[in-house]
Each structure stands twice: as C-alpha cells, then as structure tokens.
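Positions are given from 1, in the same order as the sequence printed here.
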Amino acid sequence: MLEVRGLTLKYGQSRILHGIDLVARPGAVTAVMGTNGVGKTSLLKAIAGRHPFEAGSIALDGRDLGPPSAYAAARAGIAYVPQGREVFPLMSVQENLESGFACLPAGDRGVPDRIFELFPVLKQMRARRGGDLSGGQQQQLAIARALITRPRVLLLDEPTEGIQPNIIQQIGEVISQLRTEGEIAIVLVEQYFDFAYRLADTFVALNRGEVVLSAPRAEVDREGLLARVSI
C-alpha cells in the first residue's frame, strides 16, 4: 500500500502542493482529478522521486521512503509513466523495454511473455524504432516498460492524452486487468472524465494544490464529482 501524508511541494518560491494525503491500495485504481495546473503531475513526480518535496512523507507497505530519488523510488517498486511518454525515439521497441531493467537484479532482467500478452502490437514491432510508433503505440510501450520493473505501484499521468479511441479502450482493458490481478496499486491522473470515472475505485480531487475530495466510489456522485473537477 502506498501512503502519502502531508506532502508539500514548491517550485522556486511558489508552493504547488499543500499537505496532500493519498492512499493507494493493491488491486484498486485511485484517480487523481482536477483542472490543469492544480498539481496532479507534480504529485506524481514527487511520489516517483522526480521532484523533491518540502514536507510530508511517502511510505510503501509501511516503510518510509523519505524524499526518494527516481532510482530509489523505482527500486522500491514505484513505476512512473509520465505525460508525454518519454519513449527513446532512436531505440527499438525491444531496447526501450530493456531500459526498464536498470532497477532490477541481474537475474530478473528479461521481458516476460505477459508483456506481449497485454500489448500484442509491441511483439510485432520489437525491431521498430520507438520514434516510428504512433502516439497510441508509444503509450502502450511506455506502460509496458513500466511493468517490466515489476512494480507494486503504477503511476499513470494522462495515459489517454492524444490517443485514438481504440487504443484508449485497450489501455483501459489493461488497467482493469491489472486491477483484477490485485498485485499493483494504480494511481491514475486523467483529464478524460469518463475514462477515469469508469475505472476508479477511489477519487481524489485537487484544487489549487489541496485535496477537496477523497472518497471511495460508493460515496461519490458522478455529477457532483464532474462539477468539482471541471471548475
């Protein structure tokens, strides 16, 4: 279980996050929602060790990670799929996948068949350069590369952005399958409301860097949530 408590973060002199609390459990999708600029991506970057935070704590299964580096977060079991995907354009699909080996012990450095079961298109394109893939294919590659690290927490930042509808559906099916398997806690930042609403078990709404709603699905009214995250 991922537990974020009192997380506060600054960019320069501007405070972006104000005491954020968030819990993400294995076998569940926690959707972090809100308009542009409320701090959703900053929150994921802090959890993933990509931006130091000013105060607060991040713990995984009760173990305090401190303000982790990106490498330490990955070694601890936190995988981050950033907005924009960050696929290596001149490397092949196979090489992009293998770049996920860096945080694994030598004996675990292999691409499981399951990756290609989740994303069959990647098996067909193993030799193709990452930069030659479509946006949707690159998104699938970015998620697959994150799963290579055998994460306990998967952070997804806007996975539907700029993606064609059929690929959005496939990505949703993969997220649903990972949730059903029950081994990974999934934190989803998503502007596409219907996609997030369909998948999420828990909703966390941010406004101006603060949590204005944190509740399980059973306690959330769709129209009320839509109003909160659209203002």
Under 4.5 Å between any side-chain heavy atoms of [X] and [Y], yes or no?
X	Y	value
V204	V187	no
L225	F193	yes
P112	I148	yes
L22	L43	yes
V32	L188	no
R208	V38	no
Q137	F119	no
L147	L178	yes

> So E190 and R198, salt bridge (Lys or Arg N to Asp or Glu O under 4.0 Å) or not? Walk me through it.
Replying inline: CA-CA 12 Å; E190 185 53 66; R198 184 171 68 252; over 6 Å; no
>> Go through it in stages, so that I can follow the logic: the residues are R222 and D194, the test is salt bridge (Lys or Arg N to Asp or Glu O under 4.0 Å), and I'd like the CA-CA distance, side-chain angles, deciding distance and then a yes or no.
In response: CA-CA 10 Å; R222 185 185 187 282; D194 287 338; 2.4 Å; yes
Calculate, to the nearest 0.5 Å, the distance between atoms [atom1] and [atom2] belonging to [X] and [Y] respectively.
X	Y	atom1	atom2	answer
I168	T160	CD1	OG1	5.0 Å
T149	D108	OG1	CG	11.0 Å
I184	R179	CD1	CZ	13.0 Å
I143	R85	CD1	CZ	10.0 Å
H18	E210	NE2	CD	5.5 Å
I20	L9	CD1	CG	10.0 Å

Side-chain ([X]) to main-chain ([Y]) donor-acceptor, under 3.5 angstrom:
X	Y	value
Q169	N166	no
R152	P26	no
Q140	I171	no
R228	V212	yes
K40	T35	yes
R109	F101	yes
D61	M1	yes

Side-chain heavy atoms nearer than 4.5 Å, only ILVMFWY residues, links allowed to pass through others: does that put [X] and [Y] together?
X	Y	value
V153	V23	no
V4	V189	yes
L141	I175	yes
I186	L199	yes
L17	I47	yes

> side-chain contact (heavy atoms from CB on, under 4.5 Å) between T30 and F203: does it pass, once the steps are laid out?
Replying inline: CA-CA 6 Å; T30 301; F203 297 95; over 6 Å; no
>> Using 30° and 60° as the class boundaries, would you call the ring planes of Y11 and H51 parallel, tilted or perpendicular?
In response: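 Taking H51 first and then Y11, their aromatic rings stand perpendicular (interplane angle over 60°).
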Heavy-atom closest contact ([X] atom, [Y] atom, distance):
X	Y	value
G172	F195	CA-CE1, 3.7 Å
S92	E95	N-OE1, 2.9 Å
A146	A79	O-CB, 3.7 Å
P68	A72	CB-CB, 4.3 Å
G224	D221	N-OD2, 2.7 Å
R145	N96	CD-O, 3.2 Å

> Given E86 and R50, is the salt bridge (Lys or Arg N to Asp or Glu O under 4.0 Å) satisfied, shown in steps?
Replying inline: CA-CA 14 Å; E86 296 184 4; R50 292 205 175 191; 3.1 Å; yes
>> Between L206 and M33, is the side-chain contact (heavy atoms from CB on, under 4.5 Å) condition met? List the steps.
In response: CA-CA 6 Å; L206 300 185; M33 304 177 73; over 6 Å; no
Less than 3.5 Å apart, any donor N or O on the side chain of [X] or [Y] sitting next to an acceptor on the other?
X	Y	result
E161	Q191	no
E98	Q94	yes
T41	D157	yes

> For R217, does the CZ atom sit with more than 12 other heavy atoms under 6.0 Å from it, leaving out its own atoms?
Replying inline: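 Yes.
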>> The test is side-chain contact (heavy atoms from CB on, under 4.5 Å); show your working for R129 and D132 and say whether it passes.
In response: CA-CA 5 Å; R129 293 192 306 182; D132 293 336; 3.5 Å; yes
>> Using the rule given for salt bridge (Lys or Arg N to Asp or Glu O under 4.0 Å), can you reason through K123 versus E117, listing the C-alpha separation, both sets of side-chain angles and the distance that settles it, and then say yes or no?
In response: CA-CA 9 Å; K123 186 171 186 178; E117 292 169 2; over 6 Å; no
> Where do D21 and V211 land on the side-chain contact (heavy atoms from CB on, under 4.5 Å) test, with the steps shown first?
Replying inline: CA-CA 8 Å; D21 292 340; V211 174; 5.7 Å; no
